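Here's the structure we're looking at; comments come further down.
Computed from a predicted model, the values in this text were never measured in an experiment. Numbers restart at 1 for each chain; the letters A, B, ... are given by sequence-line order, proteins then strands.
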Amino acid sequence: MKINVTLPDGTIREYEQGATAMDVALSISEGLARNVLSAKVNGEVRDANRPLPGDCTVQLLTWKDDEGKATMWHSSAHLLAEAVEALYPGTKFGIGPPIENGFYYDIDLGDKVIGDGDFKAIEDKMKELAAKKETFVRREVPKAEAIAYFKEKDDEYKLELIDGLEDGTISFYTQGNFTDLCRGPHLPDTSPIKAMKVLSVAGAYWRGDETRKQLTRLYGISFPKQKELDEYLVLLEEAKKRDHRKLGKELDLFTFSEKVGAGLPLWLPKGAALRERLINFMKTAQEKSGYVQVATPHIALKQLYITSGHYEKYGQDSFRSISTPHEGEEFMLKPMNCPHHCEIFASRPRSYKDLPLRLAEFGTVYRYEQSGELHGLTRVRGFTQDDAHLFCRPDQVKEEFVKVIDLVLLVFRALGLNDYEAQISLRDKVDRSKYIGSDENWEKAETAIIEAAAEKGLKTFIEYGEAAFYGPKLDFMVKDALGRRWQLGTIQVDYNLPERFELEYVGSDNARHRPVMIHRAPFGSLERFLAVVIEHTAGRFPLWLAPEQAIILPISEKFNETAHRVGELLKECDIRAVIDERNEKIGRKIRDAEMAKTPFMLIIGEKEAGAGTISVREHGQGDLGPMSPDQFRMLVEERIKASLSGAVH
RNA sequence: GCCUUUGUAGCUCAGAGGUAGAGCACUUCCUUGGUAAGGAAGAGGUCGCGGGUUCAAUUCCCGCCAAAGGCUCCA
């Protein structure tokens with residue numbers, strides 16, 4: 001009896017009954033067989049050495065495939081566990097899955113505390129075990145046996161996991177002396193795991209539940225070649241160098257003060273200049289798109305948030321309300337701008353002819369994040385949103401969505417964020433009880449979002465059940481220069497607030513209708529967005545955004561006066577330039593300007609002063625030679641135009 | 001909030017149970033120089049804050065604050 005195996009290229013090969021994916025690989029080439037980590041059989045990832053189920057399709061997975069990596073890392077997690085058990089007998093094990101970059105294992109070490117000083121020993125043990133080329137043996141076990149095994153080991157975590165499994169679907173994997181409850185799949189043996197590193201240790205609640213015991217989580221990563229591990233470690237170093245907290249300090253962008261409070265960034269002049277530039281950029285773009293600016297105060301009566309529903313939902317996690325000398329009067333720091341904007345909409349009767357009404361505000365909001373949540377500029381307690389609320393008729397949703405997408409893409413282009421996709425978050429397919437708003441409106445909005453995204457040619461994926469209870473949304477996922485993913489730019493449809501604030505407009509039928517509200521923030525928050533921009537550009541901001549576009553470097557103090565004249569000239573053509581008048585040699589001034597990542601250095605000495613030119617040096621590029629100030633102006637204009645190309649409409 | 005780690009000059013970091021050090025930055029002077037660090041001198045720290053142990057604490061212990069890596073949640 002033979003079985004037919006269909007390969008991805010469509011060829012069909014014949015094998016003996018009981019053949020494995022590894023046999024398939026071997027029949028193609030030995031080299032391929034060496035690289036096979038697991039295999040996709042009829043679309044399901046399985047062990048490479050597990051017998052094929054009969055006629056099937058087989059896709060061999062190697063390190064090049066995400067699933068292959070996942071197999072490698074999953075097996076590495078088991079290897080980590082084996083090493084930990086060998087070093088710390090009696091350790092209990094939670095779960096140990098592969099993740100986007102590597103793997104982790106949650107363990108309970110009892111009273112033993114593990115720190116980074118212990119990593120080396122664990123890595124050495126892992127290497128020792130991996131080199132033994134231990135086979136991963138899969139075994140299906142009856143539930144009773146599985147329970148007995150982990151009762152013996154006194155591992156309550158595994159027992160709890162088994163408790164949730166059906167008899168007949170339980171499998172164990174064993175490599176060397178370590179046996180784990182596991183669905184798999186795994187590598188044929190431990191030998192492909194050539195280079196590994198324990199990266200960090202952290203606390204993690206069992207099953208992510210704050211009320212349950214906190215386990216020790218060990219993060220690690222592994223590679224088939226030492227060189228790849230080294231490269232990965234270099235990438236981590238690069239990420240560290242680009243860390244916006246570090247660059248923020250080095251480039252004098254922002255700071256924090258214990259006296260002011262955690263999570264409350266203080267913007268220094270250069271950082272504030274970045275913010276201003278982003279705000280002006282967005283204001284200009286929004287004006288073109290028919291937005292109007294509004295302004296609202298930083299506090300409002302608590303009742304406002306009771307009306308909006310935010311108090312009930314988030315009141316506990318907000319700043320405590322502010323009381324006044326007046327008995328019973330309470331204000332709150334505003335955690336969002338939408339209720340205020342709703343009241344602006346409601347301030348007078350609205351006609352369908354007024355819609356869409358697009359209210360925009362760079363509104364600073366305050367939210368009490370838990371202390372452990374704070375992180376540089378990406379997670380703060382006070383931040384400024386490039387917020388706007390579009391009040392429109394249900395039939396206008398799609399058109400507005402298209403326009404907002406344009407705005408988001410404009411931002412991405414202007415900052416060189418060219419790798420992105422959009423997540424369309426829709427209702428749960430089955431359970432619709434948790435959503436408010438009529439079925440008809442939801443369908444209209446969901447279709448509108450899908451169509452708008454398609455019209456703009458966005459690369460999208462749909463997530464069912466990810467919509468907010470008050471409406472569907474579109475979120476942009478952006479990859480930065482180091483390939484890290486960020487969620488930026490969100491557009492949300494909201495049926496809830498217009499309902500709660502009883503917003504109405506008069507339709508062409510002279511009847512009252514409820515408007516649909518769209519929340520949108522292309523930057524999200526200026527703080528978080530700048531953090532991403534800093535890390536994406538490594539502090540080398542696009543010319544249009546750079547706080548200082550040029551620095552004038554006189555060769556000696558004799559030319560400071562000429563430098564000032566040039567400075568005035570540049571100011572007149574809106575080029576932001578400063579002068580380094582220090583009593584230092586030119587080499588020193590250049591070095592400092594390079595370190596400060598100033599885009600252009602303009603050198604002025606005897607030659608230039610005589611010829612009425614400036615010698616231009618570009619950051620990271622070197623000397624561009626002498627040119628007239630006017631030529632330099634054109635160069636700057638060209639560069640800005642190029643970096644905003646397509647961004648100007 | 002919880003777990004692990006950390007907190008010494010503006011920055012990066014060394015150090016030790018007997019009340020502190022380097023480099024850079026800063027100030028002054030010399031130098032007036034051509035594409036990534038010129039030279040000299042000087043100033044600068046209650047060693048995160050508060051308690052405890054000790055003859056003596058910045059060092060050891062406890063508490064708090066802040067930061068880092070995670071967990072959880074997110075309008």
Side-chain angles (χ1 to χ4, degrees), chain A residues 94 99 104 106 108-109 113-118 199-219 240 243 245-246 249-250 252 255-263 305 308-318 334-339 365-376 379 383 385 387 468-470 473 487 490 492 494 496-497 519 521 524-525 553-560 582-596 601-608 615-626:
Chain A
I99 52 177
Y104 68 79
D106 283 346
D108 182 351
L109 292 151
V113 172
I114 237 170
D116 13 340
D118 303 305
L199 294 170
S200 63
V201 56
Y205 298 103
W206 172 233
R207 310 207 116 177
D209 184 344
E210 209 167 328
T211 62
R212 307 203 57 182
K213 188 165 178 185
Q214 189 151 28
L215 306 180
T216 302
R217 174 169 297 179
L218 285 173
Y219 283 91
K240 245 188 226 169
D243 191 313
R245 292 164 299 183
K246 182 171 142 72
K249 206 179 266 180
E250 286 172 7
D252 291 321
T255 187
F256 289 93
S257 154
E258 283 189 27
K259 290 202 183 92
V260 173
Y305 303 106
S308 71
H310 291 116
Y311 186 78
E312 193 197 354
K313 208 156 180 235
Y314 304 106
Q316 287 312 311
D317 304 320
S318 296
K334 74 171 166 185
M336 76 289 300
N337 305 299
C338 16
V365 297
Y366 302 89
R367 301 174 186 176
Y368 188 81
E369 302 290 350
Q370 295 189 97
S371 61
E373 282 306 316
L374 301 172
H375 180 92
R379 203 60 187 242
F383 56 97
Q385 296 177 306
D387 210 359
F469 75 93
Y470 50 78
K473 57 182 182 177
Q487 195 209 304
T490 166
Q492 307 187 353
D494 185 354
N496 182 42
L497 285 181
H519 306 246
S525 89
L553 310 178
I555 295 274
S556 79
E557 287 173 340
K558 280 188 269 182
F559 306 102
N560 282 357
R582 290 176 305 162
N583 175 13
E584 291 291 350
K585 289 170 115 168
I586 193 66
R588 178 52 185 277
K589 292 185 182 180
I590 286 172
R591 178 184 153 81
D592 289 348
E594 287 281 352
M595 305 269 278
M601 285 148 272
L602 310 176
I603 294 153
I604 294 177
E606 200 170 345
K607 278 187 293 196
E608 292 80 3
S615 282
V616 179
R617 181 189 164 102
E618 188 172 3
H619 172 76
Q621 301 295 314
D623 196 359
L624 300 185

Considering only heavy atoms and no angle criterion, is a donor-acceptor pair shorter than 3.5 Å present between the side chain of [X] and the base of [N]?
{"X": "A:Gln214", "N": "B:G1", "result": "no"}
{"X": "A:Arg212", "N": "B:C71", "result": "no"}
{"X": "A:Gln370", "N": "B:C74", "result": "no"}
{"X": "A:Tyr205", "N": "B:G70", "result": "no"}

* Base, sugar-phosphate, or nothing for A:Glu608, non-hydrogen atoms under 4.0 angstrom? -> base
* With a 4.0 Å cut-off on heavy atoms, is A:Arg617 in touch with a base, just the backbone sugar-phosphate, or nothing at all? ->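 Base contact - A:Arg617 has a heavy atom under 4.0 Å of at least one base atom.
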Expressed in whole Å, how much space separates the [atom1] atoms belonging to [N] and [M]?
{"N": "B:C49", "M": "B:G7", "atom1": "P", "answer": "13 Å"}
{"N": "B:A57", "M": "B:G50", "atom1": "C1'", "answer": "14 Å"}
{"N": "B:U27", "M": "B:G18", "atom1": "P", "answer": "36 Å"}
{"N": "B:U19", "M": "B:U58", "atom1": "C1'", "answer": "8 Å"}

Rounded to the nearest 0.5 Å, how far apart are [atom1] of [X] and [atom2] of [Y]?
{"X": "A:Trp206", "Y": "A:Lys213", "atom1": "CH2", "atom2": "NZ", "answer": "12.0 Å"}
{"X": "A:Glu608", "Y": "A:Ser615", "atom1": "CD", "atom2": "OG", "answer": "3.5 Å"}
{"X": "A:Met601", "Y": "A:Leu624", "atom1": "CE", "atom2": "CG", "answer": "9.0 Å"}

* A:Arg617 and A:Asp623 ion-paired at < 4.0 Å -> no
* **SB check A:Glu584 A:Lys589 (cutoff 4.0 Å)** =>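 Answer for the salt bridge query: no.
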Any side-chain N or O of [X] under 4.0 Å from OP1/OP2 of [N]?
{"X": "A:His375", "N": "B:A67", "result": "no"}
{"X": "A:Arg245", "N": "B:A68", "result": "yes"}
{"X": "A:Lys246", "N": "B:U12", "result": "no"}
{"X": "A:Tyr366", "N": "B:A75", "result": "no"}

* Structure fact -> In 5'-to-3' order, the base (B), backbone-only (S) or no-contact (-) status of each nucleotide in nucleotides 26-33 of chain B, using a 4.0 angstrom heavy-atom cut-off, is ----BBBB
* **5' priority, RNA chain B, between A:Gln492 and A:Ala204 [closest heavy atom]** => A:Ala204
* Could you check if a side-chain atom of A:His519 sits within less than 4.5 angstrom of a side-chain atom of A:Leu497, using non-hydrogen atoms only? =>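 A:His519 vs A:Leu497: side chains touch.
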* Evaluate the side-chain proximity of A:Val201 to A:Tyr219: yes if any heavy-atom separation is below 4.5 Å, no if none is. =>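 No, side chains not in contact.
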* Pair assignment for RNA chain B - dot-bracket with | for other-strand partners, Watson-Crick or G-U under 3.5 Å -> (((((((..((((....[..)))).(((((.......))))).....(((((..]....))))))))))))....
* Please indicate whether A:Gln487 has more than 12 foreign heavy atoms, meaning atoms of other residues, nucleotides or ligands, lying under 6.0 Å from its CD. => yes
* Asked: Can you name the nearest heavy-atom pair linking A:Phe383 to A:Ser525, along with the distance?
  -> CD1-CB, 3.3 Å
